Every structure is written in C-alpha cells, then in structure tokens.
Amino acid sequence: MAKQTSYDVQDITLAPAGKLKIEWAGKQMPVLKSIHERFAKEKPLKGITLAACLHITSETANLLLALQAGGAKVIANASNPLSTQDSVASSLVKDYNIPTYAIKGEDNKTYFKHLNAVLDENPNITMDDGGDLIYALHTNRKEKLAQVIGSSEETTTGVIRLKAMEKEGALKLPVIAVNDSDTKHLFDNRYGTGQSTIDGILRATNILLAGKIFVVGGYGWCGRGIAMRAKGMGANVVVTEVDPIRALEAAMDGYRVMPMTTAAKIGDIFVSATGDKHVISKEAMTLMKDGAIVANSGHFDTEIDMASLEKMKKSKRNIRNFLDEYTLSNKKRIYVLGEGRLVNLAAAEGHPAEVMDMSFANQALAAEYLVKNKGKLINKVYVLPKELDIQVAAIKLKAMGISIDKLTPEQKKYLDSWDEGTS
Ligand code: ADE
C-alpha cells in the first residue's frame with residue numbers, strides 16, 4: 001500500500017495501541033462488518049473522494065475502513081476539538097493509509113486548519129457530525145461545493161442546522177439525515193448517550209450518583225437515555241423541557257419536571273442534551289448551590305453559557321482531568337466537566353461500539369445511496385428509505401441471536417383490508 005504523507009496527529013508512534021482499539025471495536029460491530037464485506041466485493045464508492053468530519057474514535061475508524069473497502073478515497077478530520085482518540089488517529093494514518101487530521105485538545109485554529117485540509121482534497125461526498133463541513137461549503141469554502149454530490153449528517157444538532165438551511169432556501173446540496181433513521185436515534189441517542197454520558201461524568205469526577213439530584217436539560221432521545229440511566233444508578237432525576245408533550249412524557253415516566261431556574265437551586269449535577277444554546281444559562285449558574293457540577297452532552301459547547309461563566313468567575317483551577325473548578329465572586333464553586341464540550345467523548349470514549357454499529361451502518365448506506373442516486377436528488381434533507389432501516393435492524397437482531405415472528409398471510413391480508421371490523 002502506498003504511504004500517503006499528509007496528516008496531522010498527536011504522535012504517530014501511538015499507532016499500535018490504536019490498531020488494537022480499532023480491532024476490538026470492530027468485533028462489536030457486526031452490521032458494519034457485513035456492509036464492509038459487501039462493499040469490498042461490490043465497490044459502490046469507486047472513484048469517490050469522501051471527507052469525514054466525525055469524532056475520531058475506534059468506532060469511526062471501522063466506518064472509515066468500510067468506506068475505503070467500498071472503493072472510496074477517505075480523508076478524515078475531527079468533528080470536535082476534544083473527542084479524538086490520538087492512538088486511533090495515528091493508526092488510521094500508519095496502518096490504514098487514511099489521511100487523518102485530528103489531535104485531542106487541538107485549539108480552534110488547528111481545528112479549522114484540519115477542516116480545511118480535508119476540503120482541500122476535493123471531496124465528492126462529505127460526512128458530518130455537527131455540520132461543520134457543510135457550513136464551510138456554504139460559507140468560506142464555496143469553491144469546493146460544485147464537485148460534492150451530497151452529504152450526510154450524524155447528529156441531532158447538525159440536522160437542526162440543516163433543516164434551518166433548507167427552510168431558508170440556503171441549502172445547496174442533498175443531505176441524508178442519518179440521525180433521523182430509527183436504527184440511529186432510538187439506539188445511539190438513547191442507549192449510547194445514556195451510558196456514555198454517565199461514563200464521562202463518573203470518569204471525570206468519581207462521585208456517587210445514588211441520592212444525588214440529577215438535572216437533565218431536554219427530554220429528546222438523548223435526554224431520555226441520560227435520565228433513565230441516572231435513575232438506574234439511584235439518582236433523583238429532575239427534567240427541564242420547553243416542549244409540553246415531552247415534559248408530560250417525562251412527568252409520566254416518573255421524573256420531577258420544572259423550569260431550569262427552579263431546578264438550579266436544588267440540583268447537584270446538571271447535564272444539557274438539547275442541541276440548543278444556553279440551556280444551562282448564566283442565570284441558572286448564578287442560582288446553583290455551592291459545588292454544583294455542570295456537563296454538556298449536546299454537540300456544541302454553547303449548551304452551557306461558558307462565556308458568561310468565564311466572565312463571572314473570580315478564579316479557576318483544574319482539579320482532575322476534565323474537571324475545572326470555577327469560583328464565583330459570591331465564593332460559590334461550580335464544577336465544569338470537559339470544558340463544557342460533550343462530556344461523553346471528552347471525558348470518556350463516546351458511545352460503545354454496539355450502538356455505533358447501527359449508526360455507522362446507516363452512514364455507510366447513506367454514502368452508497370448518494371452515489372446510486374447521483375443527479376436525482378434535490379437540495380433538501382432526506383431520511384434513508386425505511387427498507388434500509390429495517391435491514392439494519394434485522395442484521396443486528398440476527399447478530400444478537402434474536403429471532404422474531406412473521407405475519408401470516410391471513411394477518412397480512414387483514415392489515416391491508418378495511419372491511420373486517422366488529423364481528
Ligand atoms: N458519537 C458518540 N459516540 C461516538 C463514538 N464512540 N464514535 C464516534 N462518534 C460518536
């Protein structure tokens with residue numbers, strides 16, 4: 001294999017550890033493996049240059065390898081300055097010849113240098129987690145837009161942004177909202193974020209959750225997962241919401257529901273998971289008890305009003321990895337995890353491979369779908385066809401050794417008809 005030369009990683013000698021991590025994750029990803037094997041035979045991405053702006057983790061590495069097996073030239077950069085697994089980034093370069101631009105803890109300037117480096121390779125497909133490549137293609141890198149046949153987006157936050165672009169008529173590409181497949185958000189957002197957020201909080205703090213008042217901002221699929229797992233660890237969970245239906249659901253799921261400014265006065269731990277900004281606001285932080293812990297599990301670090309906290313602080317010191325103490329002028333201390341960036345990837349390793357298996361199977365199928373439908377799609381946000389979602393679930397069930405019932409011809413006929421009612 002010809003060795004490529006351009007990349008930017010922390011330390012290329014970390015590659016052997018990264019390779020082991022990639023292989024371990026791959027073992028838990030049977031759906032992606034089956035797609036990888038089919039792609040290796042059929043080469044549906046032959047001739048395509050694919051730029052992936054994703055969290056550079058061992059799970060992502062397995063997606064990139066499937067895309068490469070499908071014939072694509074793959075280049076990758078980090079979709080967040082704090083989520084990179086440096087050993088994995090090195091292994092992608094050294095062992096798999098994938099130009100990778102990602103360093104854990106990179107500053108904003110380096111982050112955008114990396115983003116621009118992948119766009120410099122003239123991609124035909126872009127893959128985002130948070131929408132930064134798409135944003136660049138519509139703003140300061142417009143000259144790279146014409147050669148892109150389409151894009152895909154991994155996360156809720158990115159899809160919110162894309163739908164706003166579509167609504168304004170600003171979207172200049174067809175985009176697949178991978179997040180909106182059932183086999184993505186019902187599993188990754190709920191069970192993945194649920195487990196990995198708790199994992200990040202525990203790794204950063206080593207606190208006991210039992211008996212704590214644990215405030216979850218937002219009751220979407222991520223918030224539902226976080227609340228469920230915090231409750232399972234014995235925390236007393238409070239939910240804050242803006243949507244009456246979700247608030248009602250949270251109340252009937254057994255949680256206390258109240259405005260954030262009320263929750264602020266009683267909470268021990270606060271986690272935001274909404275896709276919106278300033279969910280943990282300046283006002284809320286002013287009201288918090290001494291010693292409150294705040295974390296963000298949404299894509300962008302704006303969910304916590306970090307800028308105001310920085311301005312309000314009297315002093316700041318680092319206590320442990322990914323745990324900073326902010327002392328305010330009233331002497332109250334607030335503890336921020338992972339610099340306000342997504343705590344599950346900053347302080348832990350993101351979602352486990354078993355759920356990323358389905359998310360990334362959808363990503364691989366999205367790339368194939370964009371190639372197959374080249375020229376036929378318009379500039380809007382698409383969801384992958386339901387049959388593909390069902391296919392992903394069926395392969396996952398098979399891999400888990402679970403079989404399910406089939407409709408009888410009589411049941412099928414009954415469901416398709418309207419003339420059988422009360423007998
Ligand atoms: N998003 C959340 N968890 C992730 C993981 N393990 N890899 C890539 N993206 C992720």
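Since the structure is predicted, the reported quantities are computational estimates derived from the model, not experimental observations. Both counts, for ligands and for their atoms, begin at 1 and track the order of listing. Quick note: residue numbers are just sequence positions, from 1.
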Open item on the list: Any atom of ligand 1 sitting under 4.0 Å from a heavy atom of Glu349?
Closed with: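 Distance cut 4.0 Å: Glu349 passes for ligand 1.
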- [ ] Give a yes/no on ligand 1: does Leu54 have at least one heavy atom closer than 4.0 angstrom to it?
- [x]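 Flag not set, Leu54 not near ligand 1.
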Task: Contacting atoms of ligand 1, where contact means under 4.0 angstrom from a heavy atom of Phe360 - done: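 It comes down to these atoms of ligand 1: 8 (C).
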Task: Proximal atoms of ligand 1 relative to Gly350 (non-hydrogen, under 4.0 Å) - done: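 Those of ligand 1 that fall under 4.0 Å from Gly350 are 3 (N), 6 (N).
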Task: Closest approach of any protein heavy atom to atom 7 (N) of ligand 1, naming residue and atom - done: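 Going atom by atom, the protein heavy atom closest to atom 7 (N) of ligand 1 ends up being Thr57 OG1, 2.7 Å.
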Open item on the list: Please list the nearest protein heavy atom to atom 3 (N) of ligand 1 with its residue and the distance rounded to 0.1 Å.
Closed with: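 The protein heavy atom lying closest is His351 N, 2.8 Å.
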Open item on the list: Do the side chains of Glu23 and Lys27 get close enough for a salt bridge, i.e. N-O under 4.0 angstrom?
Closed with: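 Salt bridge between Glu23 and Lys27, a charged N being under 4.0 Å from a carboxylate O: no.
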Open item on the list: A quick test of your reading: do over 12 heavy atoms of other residues, nucleotides or ligands sit less than 6.0 Å from CD1 of Ile245?
Closed with: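 Not more than 12 within 6.0 Å, no.
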Open item on the list: How about CD on Glu143, more than 12 heavy atoms from neighbouring residues, nucleotides or ligands closer than 6.0 Å, or not?
Closed with: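 Count over threshold, so yes.
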Task: Cation over ring face, Lys277 and Phe300, 6.0 Å, 45° - done: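 No, cation not above the ring by the 6.0 Å, 45° rule.
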- [ ] Going by heavy-atom distance to atom 9 (N) of ligand 1, choose the closest among Met356, Glu59, Gln85.
- [x]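 Selected option, by shortest heavy-atom distance: Met356.
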Open item on the list: If only side-chain N and O atoms count, and only distance matters, is there a donor-acceptor pair under 3.5 Å linking Thr57 with Thr60?
Closed with: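 Note: Thr60 and Thr57 side chains meet the donor-acceptor criterion.
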